Amino acid sequence: MRRFFLLLLPAWLVLAAPTPFTVDDLLDLANVQVADLSADGRFAAVTTMTLRGRLGIDNSRFGDPTYIAPGSGDLWRIDTQSGQRQLILEKSQTRNIRFSEDGLRLAIYVVENGEFVLKIWERGQLHSAKLPAGKIIDETSEPVWSGANLIVGLRDAAWRARAHQAFEALTSAPIVVQSSKDPFLSWIALRLMSAERSVVLLNPATGQATELAPSGLHNQYHVTEDKRFLITYDDILKKTDYDHLGLGESRVEVRALADPSAKPRTLLASTKDSTPIWSRNSRFYAFAKKDGSIWFGGIEDEQPRELIAKKKEDPKKDDAKTETAGDNDASSSEKLTPTAVTPDGSALIATNKEGIWWISTRDATQRSQIVKADPDNKEAPRWSVVEALANRVYLGYGARTEWSRGLSAWDPSTKQTSSLFRDARLHGAFRLSRNESTWVYTAANGNRPLDLYSAPANLNASRLLLEPNPQLKDKAFSKTELVAYLDADGKKLRGVLYYPVNYESGKKYPTVFLVYEQFFDDTFNGTIAVLNAHGYAVMEPSVDLEQGYPGESWEKGVTAAANKLIEMGVADPEKLGVQGTSYGGYATNLLITQTNRFKAAVNISGKVDMVSFYTDSPRLGVRNTHAPEKSQDRIGATLWQQPQKYLAHSAILNADRIKTPLLLMTGEQDHNVPARQAMEMYYALRRLGREVSWVQYTHGGHGMPTGNADEVRDYHQRILDWYEEHLKKPAKEKGKSGPRAATGSGR
């Protein structure tokens, strides 16, 4: 009788069961980003974009300074007080959106006919701005309103054809010649062309322009809030610099906008070892030198002055160092790094291993410790400077033992810190309006996409402005847990566990370990959500990487994380998989040369041969030598200084140890980690008689292919099929049907 009664209930009373998260849900998931906030905080310009809006990338154009990768989305103007939304542009590609000082107009770079053009939105209408004859907008530079005019970067109309011709000369010319006599690597010389621009004061209604900085290599520029000065970073790099990533070295110059014809004044002769940080109004700056000294200046000062002198060795102690200025307590012995300057120039915010400091720019001996840190306590909370004002320093807070995050404020008059809010949610970038009245920020519960909020300066209330993914309300998502464990060296680490959807306590699940470096926050990851929906637990384990010996770290950390999940009763010890992308793919391949615990592995765009990779990927300039020598790869030496370490971290040389079935996934147009890395491993394992499959996306680039929706679906289905074959099927059934066959010719 009860069952009959339920059948008679109206359909609207029957609650639908949550549905699984699918790859199509991933394609349509919208990410929200605050493009700008009006000076009074009343309005926010906000974009929402889906993965579907970014499909169609031509990866063969990687490195072409003229190429505009697809990225269409919606542009909204949102009232931060009422939440009222106005759609300005739908399914359009926009960039560098800026409010006028009164908040009534927007300058927008919009793609039309394959090029960015400057549009002005005003009173609900969108108008095309006029430009001087023979000029195009430089879409990489930020427009700045000055009354009814705009300060913008322009390029000669011929630049696009000239830059693309230089790209084609390197990629499709019948003969390409390169020489060590050239000052720059050819791809770095090409990248430098992206800095070519002039800076002008433009009347968008008439197209009349006044040149503020002549055409040249201006790596970046910005304008003081009062619109009196233009600061340019003019490229002075003479040759390829193997010690630094990026475009290189600049001379920082200041120009008075009241007299554009006057000779610019040099604020900093070189940024090679001294990069300035600026106050939010761009009127004051500070920088540190390698010798430990800190310098401070104002935009109208002829030269910066030394605020904290360089360190001198204490003759009584070989390793002791002291400061000749500002040495009012023990903490000043630790080298300081400037992180912010107050808008009135009265104080510098600096950090060192012992904490965060407020330092008077009039007298560096007058300083206060905002946050006290213990460099030996790996579980102490993380603090960061979000915004520095004359009367308040806003600090981001994040615990390292639990999911507790928030924002605090430190008062320089009372030397006290107050918590504005703290909760378990994830928070995106906080943006404070120019009049310091309003915040906008993104936030969400763990393992959920971010929503958009506004709040007053004291954050005592918040308003939900935009929930970009209402379609996900009926989707089933997994719960998450921060899991602590000890690695093989006894070091305490934490990783993020994403439980399978509809998890049942006491039941053991096939578990996939998604590896990279450190993990802590339970951010939303579409691929993980797809795996959870298909019954897999997913663990993001942290590892403690050691300089010179990174390969050991994954074995010590990932296997320890696996032991912990087995101990918890979550992971089935006979059904463990591991995968990673890029650096994580490299880690995955190294890991399975050291252990056979994993029954399936997936290397997505990860290198396998540190020797051949060392000078590969020419479109990235010096990245592939810098990474092992000085940064992410953590070898700590050149190939010729420590060849044995390059060999030890080349999985290809230990391929005979691999017993784990391996799926290799690459893009033929990957100019970050070329597909020939996977090719080496595929043919090696074939030669050794091991189980391996190589999926190559002909038009794919680095990581997940994004040529079209079918590629995204295929990518996820092949991963699911691989784990279905090796982690779910009974042993007697494995290999009967096998994973999906690759399309096209076999390799």
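Values below: every heavy atom of this structure, side chains too, minus hydrogens, waters and symmetry copies. Just so it is clear, the structure is predicted and the values come from calculations on it, not from any experiment.
Formation of a donor-acceptor pair under 3.5 Å by the Gln677 side chain with backbone atoms of Val608 is found in this model. Gln642 places no side-chain N or O within donor-acceptor distance of the main-chain N or O of Thr638, the cut-off being under 3.5 Å. Looking at Trp145, its side chain does come within 3.5 Å of a backbone N or O of Arg98 through a donor-acceptor pair. Remark: side-chain polar atoms of Ser553 are not paired, donor with acceptor, to backbone N or O of Val543 under 3.5 angstrom. Although no hydrogens or angles enter the test, the distance criterion places a donor-acceptor pair under 3.5 Å between the side chain of Asn96 and the main chain of Ser141. When atom types are taken as modelled, the side chain of Trp295 and the backbone of Gln303 share no donor-acceptor pair closer than 3.5 angstrom. A donor-acceptor pair under 3.5 Å links the side-chain atoms of Asn59 to the main chain of His699, judged by distance alone. Panel note: side chain Tyr221, backbone Gly153; a donor-acceptor pair is recorded below 3.5 Å. A donor-acceptor distance shorter than 3.5 angstrom exists from the side chain of Tyr646 to the backbone of Ala637, with no hydrogens or angles considered. At distances below 3.5 Å, not a single donor-acceptor pair connects side-chain atoms of Arg623 with backbone N or O atoms of Gly621.
For the pair Asp243 and Lys630, the salt-bridge criterion is met [side-chain N within less than 4.0 Å of a carboxylate O]. A salt bridge is absent between Arg162 and Asp156: the closest approach of a Lys/Arg side-chain nitrogen to an acidic carboxylate oxygen does not fall below 4.0 angstrom. Using a 4.0 Å cut-off between charged nitrogen and carboxylate oxygen, Lys227 and Glu225 do not count as a salt-bridge pair. Classification of Arg95 and Glu142 as a salt-bridged pair fails, no side-chain N sitting under 4.0 Å from a carboxylate O.
Between Trp187 and Phe62, the ring center distance fails the sub-6.0 Å criterion. Aromatic ring centres of Phe296 and Tyr285 lie farther apart than the 6.0 Å criterion allows.
Remark: Thr140 OG1 to His218 NE2 distance equals 11.5 Å, nearest 0.5 Å. Taking OG from Ser279 and CD1 from Ile349, the interatomic distance works out to 11.5 Å, rounded to the nearest 0.5 Å. Here the straight-line distance linking atom OG1 of Thr275 with atom CD of Glu249 works out to 10.0 Å at 0.5 Å rounding. Separation of atoms CD (Gln208) and CG (Asn203) is listed at 6.5 Å; rounding is to 0.5 Å. A distance of 9.0 Å separates NZ in Lys335 from CD1 in Ile294, rounded to the nearest 0.5 Å.
Under the 4.5 Å side-chain criterion, counting only non-hydrogen atoms from C-beta, Val223 is not in contact with Ile231. When side chains are defined from C-beta on, Leu154 does not count as touching Asp138, because their heavy atoms never get closer than 4.5 Å. At a threshold of 4.5 Å between non-hydrogen side-chain atoms, the residues Thr232 and Val252 do not count as touching. Between Ile151 and Pro143 the shortest side-chain heavy-atom distance does not fall below 4.5 Å. In this structure, the side chains of Trp554 and Leu590 come closer than 4.5 Å at one or more pairs of heavy atoms. The shortest side-chain heavy-atom distance between Thr706 and Leu51 falls under the 4.5 Å cut-off. Contact of the Glu115 side chain with the Arg160 side chain is registered, since non-hydrogen atoms from C-beta on lie closer than 4.5 Å. Looking only at side-chain heavy atoms (C-beta outward), Met681 and Asn589 come within less than 4.5 Å of each other.
No side-chain donor from either of Glu629 and Gln641 sits under 3.5 Å from a side-chain acceptor of the other. No side-chain donor-acceptor contact under 3.5 Å links Tyr683 and Arg687. Neither side chain, Glu211 nor Ser198, offers a donor N or O lying under 3.5 Å from an acceptor on the other. Between the side chains of Ser582 and His702, at least one donor N or O lies within less than 3.5 Å of an accepting N or O. Under the 3.5 Å distance criterion, with hydrogens and angles disregarded, no donor-acceptor pair is assigned to the side chains of Asp633 and Ser631. With hydrogens and angles left out, the side-chain atoms of Asp616 and Asn624 include no donor and acceptor closer than 3.5 Å.
The two atoms that bring Thr625 and Tyr614 nearest to each other are CG2-O, 3.3 Å, heavy atoms only. Annotation for Ala166 and Met193: closest pair CB-SD, 4.0 Å, computed over non-hydrogen atoms. Arg265 and Ile299 make their closest contact through NH2-O, 2.7 Å (heavy atoms, listed as atom of the first residue, atom of the second, distance). Here the closest non-hydrogen pair linking Ala173 and Ala169 is CB-O, 3.3 Å.
Under the 6.0 Å distance and 45° angle rule, Lys645 counts as a cation-pi partner of Tyr549.
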task: Please report the C-alpha distance between Phe167 and Leu190 in whole Å, then the side-chain angles of each, then the deciding distance to 0.1 Å, and finally whether the side chain to side chain contact (heavy atoms under 4.5 Å, CB included) criterion is met.
output: CA-CA 7 Å; Phe167 171 79; Leu190 178 62; 4.0 Å; yes

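Atom CZ of Arg657 is surrounded by 12 or fewer heavy atoms from other residues, nucleotides or ligands within 6.0 Å.
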